[in-house]
Amino acid sequence: MRDFELPGRSVAYGENGMAATSHPLATLVALDVLRSGGNAMDAAIAAVAVQCVVEPAMTGIGGDCFALLAPAAGGVVALNGSGRAPAAATAAHLRELGVDELAGTVHSVTVPGAIDAWARLLERHGTRELAELLQPAIRCADDGFVVTPRVAWDWTRDGERLLRSSGGRVIYLPDDRAPAAGQKMRFAALANTLRRIAERGPEAFYRGELAERMVAYLRSEGGLHTADDFAAAGGEFVSPIRTAYRGLEVYECPPNGQGVIALLMLNILEGFELGALDPNGAKRLHLEAEATRLAFRDRDACLADPAAAEVPLGRLLDKDYAFRLRRRIDPGRALGAMPPPLLPEHPETVYLTVVDRDRNVVSFINSVFDSFGSGLVCPETGVLFHDRGKSFSLDPEHPNVIAPGKRPMHTIIPALAFENGRPAIAFGVMGGHYQPVGHAHVLTNVVDFGLDPQAAIDAPRAFAHGAELRLERGVPAATAEALAGLGHHVVRPGRPLGGAQMIMIDHARGVLIGGSDPRKDGLALGY
């Protein structure tokens, strides 16, 4: 139990349903859907559509998504909603065009996968039509919404990216400045686009006038995109992957996402008695940092689209392999030089989770990758495009090399944990490359240290990224000093590491227990 004399947030409880998101309007919309008879998938889609309006730095309909679902009838369903590179996008062709880096170019824009994924999920696992569930988002875009503090902070910090396009400047930067907290914003063009999707379904986004306008805009920026690329878009249901961690079965989406890296980290950490350590102490954070470096070395070397490259999934999930990696960790000294990370850090994503009365459980994540994605905004449709394609390599020998119709290595990962064959925890941690580290951190907070969802999320975080060990201000000074003494290059980044949501299902008592990250504006609510 938390100390009620100190600032903090109580864990949320509910019986009939619960939603946890990073924005209060999205949580409210999800609860409205649940209370009116919709199921968890209905609520999740309605909520994330709202977030695509009110959290534009973090997500949008010009981005991608992944989802895990534990239906009340049993089992786990995974959907890969990541988009693909244009048919003309080859490393050789891009080199001919003088492109030596994908980041910061229109070639980082892959075909957005989110809208198609939402429709597929609803068709198979929802009870309501997409048209109905888009109405709250349309109202937010049309009538306007009030900017919340964390959204304003992100907008101010990263809004300059929007100056890359006239549409971004006009739509998102009124008077050439980011809106302040409490200011009302409207997105008329985006409202019209959402209305067209509501009327005609995903076909309106991927074929016809909207698609033609988006393709024309991307090509005007030098893109290789065609109408055929948009028409060929399609997410797919895939088989989830899993590992065992101290009595739990932890599920992630398979590659091209990095969920396997979260599982690898858990396999490495399982061999240490974490529960005997100080949860915010140097010994615990040192072990986590070393597991991160070892796991990310493998991520950057071999993670790619398994339809286009061989990904050694069996090796990465093998407990014996984790044992061999674990033996490389010295509890008293940091590892030596490791290969540099493939990409710089980026923290822009939204994650939400919903559980309904029947105990359908949804773990859902939607992203535009960098803050405000590519910064490219189609002025006629209001669609802000992600820059997920910057994760591709231009090295023709790398498994993650860009290629026609290929999906890039993806950072966004939802998660589920089962106990005794039933869903026990739905969780996710936003924060780009930090996400697998966040999954391991918050789950071990619960399993090894006995924290409730809110306390597990509130706890301070660390991230070993490249040569640095980044510590939030909440990590005690004594811990930082001790970590430096172990050989870590400790830095205080001056910004929070990610954000998280979690819902636990207490089957014995019939209650739901939720938490939402104070690093964001959102909350968990149950009824």
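All residue numbers in this chain count up from 1 along the given sequence.
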Taking every heavy atom of M265 against every heavy atom of A295, the minimum-distance pair comes out as CG-CB, 3.7 Å
For R509, is there an ion pair with D506 - N to carboxylate O distance below 4.0 angstrom? yes
What residue among I365, V350, N366 forms side-chain contact (heavy atoms from CB on, under 4.5 Å) with I412? I365
Check ion pair K390-D370 (N to O, under 4.0 angstrom): yes
Considering all heavy atoms, the nearest P414-F364 contact: CB-N, 4.0 Å
With the threshold set at 4.0 Å, does a side-chain nitrogen-carboxylate oxygen contact exist between D517 and R461? yes
For the pair H286 and H488, evaluate side-chain hydrogen bond (donor to acceptor under 3.5 Å, both in side chains) and give the outcome as yes or no after the intermediate values. CA-CA 9 Å; H286 167 69; H488 293 283; 2.8 Å; yes
Polar contact flag, side-chain donor to acceptor under 3.5 angstrom, D64-S82: no
Regarding T110 and H386, do their side chains bring together a donor and an acceptor under 3.5 Å, going by distance alone? yes
From L134 atom CG to L130 atom CG, the distance as rounded to the nearest 0.5 Å: 4.0 Å
Between the side chains of R326 and E270, is the shortest nitrogen-to-carboxylate-oxygen separation below 4.0 Å, so that they form an ion pair? no
Once the angle between the rings of H410 and F66 is folded into 0 to 90°, is it parallel (under 30°), tilted (30 to 60°) or perpendicular (over 60°)? perpendicular
Going from CG on L163 to CZ on F372, what distance comes out if it is rounded to the nearest 0.5 angstrom? 10.5 Å
For Q183, does the CD atom sit with more than 12 other heavy atoms under 6.0 Å from it, leaving out its own atoms? yes
Go through the steps to decide whether D458 and R9 satisfy the test salt bridge (charged side-chain N to carboxylate O under 4.0 Å, His left out), and finish with yes or no. CA-CA 9 Å; D458 289 349; R9 176 183 297 189; over 6 Å; no
Can you find a side-chain donor-acceptor pair between R177 and T156 that sits under 3.5 Å? no
Please lay out, stage by stage, how N445 and R284 fare under the test side-chain hydrogen bond (donor to acceptor under 3.5 Å, both in side chains). CA-CA 11 Å; N445 280 345; R284 187 264 178 113; 3.0 Å; yes
Does one side chain, of S516 or Q501, offer a donor that lies under 3.5 Å from an acceptor on the other? yes
Contact summary for V147 and M185, nearest pair of heavy atoms: CG2-CG, 3.7 Å
Once you round to the nearest 0.5 Å, how far does CZ of R297 lie from CG of L335? 9.0 Å
Closest approach of A462 and L469, non-hydrogen atoms and distance? CB-CD1, 4.2 Å
Heavy-atom nearest pair, A43 first then V354, reads CB-CG1, 3.9 Å
Are any of the side-chain nitrogens in R139 or D142 under 4.0 Å away from the carboxylate oxygens of its partner? no
Examine distances only and state if a side-chain atom of S36 and a backbone atom of V33 form a donor-acceptor pair shorter than 3.5 Å. yes
Compute both the distance and the angle, then confirm whether R124 meets the cation-pi test with F237: under 6.0 Å from the six-membered ring centre, within 45 degrees of the axis. yes
Between the side chains of T127 and D42, does any donor sit under 3.5 Å from an acceptor? yes
Run T27 and T21 through side-chain hydrogen bond (donor to acceptor under 3.5 Å, both in side chains) and show every step you take. CA-CA 6 Å; T27 300; T21 86; 2.8 Å; yes
Is it true that, when you exclude R35 itself, more than 12 heavy atoms of the residues, nucleotides or ligands shown sit nearer than 6.0 Å to its CZ? no
Are F427 and Y351 near enough that their ring centres are under 6.0 Å apart? no
Compare every heavy atom of P240 with every heavy atom of L68, then report the nearest pair and how far apart it is. CD2-CB, 4.2 Å
Short side-chain donor-acceptor distance under 3.5 Å, D158 and S371: yes
For N80 and N256, which I'm curious about, is there any donor-acceptor pair between the side chains at under 3.5 Å? yes
Strictly below 4.0 Å, N to O, side chains only: are R186 and D143 in salt-bridge contact? no
Rounded distance [0.5 Å steps], CE in M41 versus CD1 in I45: 6.0 Å
Could you measure the distance from the OH atom of Y434 to the OG1 atom of T411? Nearest 0.5 Å is fine. 14.0 Å
Can a side-chain donor-acceptor contact be found between S22 and Q51 if the only test is distance below 3.5 angstrom? yes
Aromatic contact between F385 and F369, with the criterion being ring centroids under 6.0 Å apart: yes or no? no
Distance check, rounded to the nearest 0.5 Å: H489 atom NE2 versus E468 atom CD? 5.0 Å
